[in-house]
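These numbers were taken from a predicted model, which means no experiment stands behind them.
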Amino acid sequence: MLAGAWLPWVLLRPNRLAPGEYLRLPPAWVALAAVLALLPALTGQVRRGLVWLPATLALLLGVWLLGGRTAAALVGQADFARASAASGVWLYLLGAGVATYAAGLALPERRWVAWLWLPPALALLLGGHLAGWSVLVEGRNEGPRWVQELGQHLRLVGSALGLSVLIGMPLAVWAAGRTRVADAVLGVANAVQTLPSLALLGLLIAPLSALANAVPALREAGISGIGVAPALTAMTLYALLPVLRNGVVALRGVPAGVIDAARGMGMTASQRFWRVQVPLALPVWLGGVRQAAVLLVGVAAVAALIGAGGLGTYIFKGLQSAASDLILLGAVPAALLAILVDGALRALEGWLGRRLGRAT
């Protein structure tokens, strides 16, 4: 955070592609940012439970300065000028984010304090304070197209996650009590996981194209070697391993004494499974679903290379034209989406764990 306060904060360019001029923070803002950079460490020496306060303030200051300095840099510039976040912004926000996350870990019963920065940051975003930031300028220029690609990204992730759960959960139940089946199923899923995502997408093009040519009904349904079909296939295969692995581990981890007690109470096999095994295994199983969901957010970005759409469209479009703002227009929302999905599912895991703990 200290280094970020001293490094260049804004890159002002006459247009999207031209080289520009690096601008630093005024000395007064550097001093304030430096103070807030030191406060989390100093507060932690006195009282760890209060680290979240200076860490949250530091994070919000970084967001506020990003909007303020980019807007100030654009004063008197042409409409097609761009004010981008320089290295100082990213380093400062990274340090503040790490401090905020660590503050949440220091308070296991109040981890929600690590998210207190989010409502004010959203208020700054929705209130137009960050309107001068080049990434949001590109977002406004894209308009409905960006919303469409975001929706496509969410559809790809949701569909692949749903398919992996529908396939993986029955397989996990089948394999949990059979060692050979578990070894075979997990071995295949692990082999798929070792393949690079781009290689797997390429390997699926030929068989799906041949299948679509052989069965005209599939081609009419939109299945072909490029597009959504190979993307969903690859993403579903990638998500199977965490769902399968955590499912097998969770079901095997249910104490045998609990199952014997349920059997002694006269429960049938179906009742033991649904009323005893599934509730006890669900928090661990949900951890695998969370891992799969976060993994799919990243894989969905790569799927744009074969015409599946999504936020990866802007990442590769920006790489082709050497436009960093377009890259960030796809990368930043994808990263935030992964963080939000992970946080929501992690909170659900914790809630289920506490509820089951009280029940037992």
Given the options Ile259, Val278, Thr268, Val254, Phe273 meets side-chain contact (heavy atoms from CB on, under 4.5 Å) only with Val278

Between Leu241 and Leu186 the two heavy atoms that sit nearest each other are CD1-O, 4.2 Å

Can you list every ring pair (Phe, Tyr, Trp, His ring centres under 6.0 Å) pair that touches residues 4-33, not counting sequence neighbours?
-> Trp9-Tyr92, Trp29-Trp64

Check for a donor-acceptor pair, side chain of His153 on one end and backbone N or O of Val297 on the other, with a separation under 3.5 Å.
-> yes

Report the hydrophobic cluster partners of Val249, with the cluster defined as I, L, V, M, F, W, Y residues connected by side-chain heavy atoms closer than 4.5 angstrom, directly or transitively.
-> none

Pairs flagged by side chain to side chain donor-acceptor pair (under 3.5 Å) wherever residues 251-261 is involved - sequence neighbours left out = Asp260-Arg263

Nearest non-hydrogen partners of Ala5 and Val30, listed with the distance | O-CG2, 3.6 Å

Least distance between heavy atoms, Gly88 atom then Leu7 atom | CA-CB, 3.8 Å

Near Leu53 CG, under 6.0 Å, is it more than 12 heavy atoms from other residues, nucleotides or ligands?
-> yes

Just jot down the side-chain contact (heavy atoms from CB on, under 4.5 Å) partners of Thr313, sequence neighbours excluded, or say none.
-> Arg145, Glu149, Ala304

Those residues that, when tested against Ala234, pass side-chain contact (heavy atoms from CB on, under 4.5 Å) (two or more places apart) | Leu200, Leu201, Leu204

Min side-chain heavy-atom separation Leu74-Thr70 under 4.5 Å = no

So, for Ala262 and Val276, which heavy atoms are closest and what is the spacing to 0.1 Å?
-> CB-CG2, 3.8 Å

Within a reach of under 6.0 Å around CZ of Arg180, are more than 12 heavy atoms found that belong to other residues, nucleotides or ligands?
-> no

So side chain to side chain donor-acceptor pair (under 3.5 Å) across residues 324-342, not counting sequence neighbours, yields Arg13-Asp325, Ser84-Asp325, Ser134-Asp325, Arg290-Asp342, Asp342-Arg346

Over all heavy atoms of both residues, which pair between Ala338 and Val294 is shortest? Give the atoms and the distance, please.
-> O-CG2, 4.0 Å

